[in-house]
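Below you'll find the structure, written out as structure tokens, and then a few comments.
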Amino acid sequence: MLMPKKTKYRKQMKGRRKGCETRGTKLEFGGYGLISLDPAWITSRQIEAARRAMTREIKRGGNVWIKVFPDKPITLKPAETRMGKGKGNPEYWVAVVKPGRVLFELDYSERAVAIHALELAAQKLPMKVKIIEKTMEEAGE
């Protein structure tokens with residue numbers, strides 16, 4: 001599971017999910033990618049499930065880059081606990097994703113296999129995503 005080795009504070013506030021992404025919106029490494037269309041929190045388990053789906057499909061043929069990292073702790077109080085008595089303990093980690101963010105990049109020789117691998121990964125994620133690919137002009141930069 002992905003999680004930070006060390007953080008400055010154990011617990012974080014919830015925050016707001018408004019706005020669009022300004023960084024990490026273009027493909028940098030691979031020829032294909034998944035880009036988010038909705039704001040969401042992606043858990044480390046969802047990221048791992050999507051990664052496994054992609055790598056199983058491409059069978060050691062290409063490369064996969066994960067472009068998001070879960071660095072926000074989500075706290076939960078135990079079941080059947082009364083109100084009050086402070087905030088709960090950190091239970092899992094999420095990555096805050098805004099629309100326009102590239103989540104995964106994939107490099108593979110066959111287009112059909114690469115698109116299918118990204119479609120399998122998209123099914124594991126909690127929001128709408130779009131598959132993008134590098135055009136010949138962008139690849140020649």
Side-chain angles (χ1 to χ4, degrees), residues 1-83 85-141:
M1 241 27 87
L2 290 172
M3 70 169 59
K5 286 191 185 106
K6 187 177 160 190
T7 57
K8 190 167 184 180
Y9 300 105
R10 272 181 62 229
K11 301 173 185 177
Q12 268 186 30
M13 287 198 271
K14 194 172 289 189
R16 296 289 171 262
R17 298 188 213 173
K18 64 178 198 159
C20 289
E21 193 61 66
T22 56
R23 302 179 204 185
T25 58
K26 297 208 167 49
L27 291 177
E28 294 176 18
F29 305 109
Y32 306 93
L34 270 185
I35 195 165
S36 69
L37 299 177
D38 295 335
W41 284 349
I42 304 180
T43 67
S44 55
R45 287 173 177 263
Q46 290 165 340
I47 294 171
E48 178 64 14
R51 183 198 67 79
R52 281 185 182 179
M54 278 191 288
T55 51
R56 189 172 289 137
E57 181 66 21
I58 61 174
K59 297 189 183 89
R60 294 187 310 191
N63 290 331
V64 174
W65 290 271
I66 302 170
K67 300 289 295 290
V68 290
F69 186 78
D71 57 353
K72 182 184 188 68
I74 301 300
T75 60
L76 291 176
K77 295 191 76 146
E80 299 177 9
T81 304
R82 291 189 178 185
M83 292 282 112
K85 308 262 190 297
K87 193 168 183 173
N89 294 322
E91 292 294 320
Y92 59 97
W93 296 83
V94 298
V96 179
V97 173
K98 293 181 178 180
R101 177 74 182 213
V102 175
L103 306 172
F104 297 96
E105 291 190 29
L106 181 78
D107 204 23
Y108 196 73
S109 53
E110 291 182 46
R111 183 181 184 274
V113 176
I115 297 292
H116 188 252
L118 288 170
E119 284 171 352
L120 290 175
Q123 292 173 0
K124 310 291 182 194
L125 299 174
M127 77 275 207
K128 289 182 184 171
V129 292
K130 183 170 71 172
I131 296 172
I132 56 171
E133 53 185 299
K134 245 182 204 170
T135 60
M136 288 299 179
E137 296 86 41
E138 292 171 351
E141 286 180 18

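Excluded from the calculations below are hydrogen atoms, water molecules and symmetry mates; all remaining heavy atoms, backbone and side chain alike, are included.
With sequence neighbours excluded, the residues forming a ring pair (Phe, Tyr, Trp, His ring centres under 6.0 Å) with F29 are W65, listed by chain and number. Looking at residues two or more places apart in sequence or on another chain, you find a side-chain contact (heavy atoms from CB on, under 4.5 Å) between T81 and K77, P78. In terms of the side chain to side chain donor-acceptor pair (under 3.5 Å) criterion, K124 has no residue partners (sequence neighbours excluded). Applying the salt bridge (charged side-chain N to carboxylate O under 4.0 Å, His left out) test to R45 and every residue at least two apart in sequence or in another chain returns nothing. Under the side chain to side chain donor-acceptor pair (under 3.5 Å) criterion, K98 pairs with no residue at all, not counting sequence neighbours.
Note on residues 86-107: no pairs pass ring pair (Phe, Tyr, Trp, His ring centres under 6.0 Å), not counting sequence neighbours. Sorted by first and then second residue, the side chain to side chain donor-acceptor pair (under 3.5 Å) pairs involving residues 111-123 (not counting sequence neighbours) are E57-H116, R111-E133.
At least one side-chain heavy atom of L34 sits less than 4.5 Å from a side-chain heavy atom of I131. A heavy-atom distance below 4.5 Å is found between the side chains of P70 and L2.
Note that CG of L27 and NZ of K134 are 6.0 Å apart. Values are rounded to the nearest 0.5 Å. Rounding to the nearest 0.5 Å places OG1 of T75 at 8.0 Å from CG of N89.
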Could you give the side-chain donor-acceptor pairs of residues 8-26 under 3.5 Å, partners two or more places apart or in another chain?
{"from": "K11", "atom 1": "NZ", "to": "K87", "atom 2": "O", "distance (Å)": "3.2"}
{"from": "K11", "atom 1": "NZ", "to": "G88", "atom 2": "O", "distance (Å)": "3.3"}
{"from": "Q12", "atom 1": "OE1", "to": "K72", "atom 2": "NZ", "distance (Å)": "3.4"}

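In terms of modelled atom types and a separation under 3.5 Å, the side chain of R56 and the main chain of R51 share no donor-acceptor contact.
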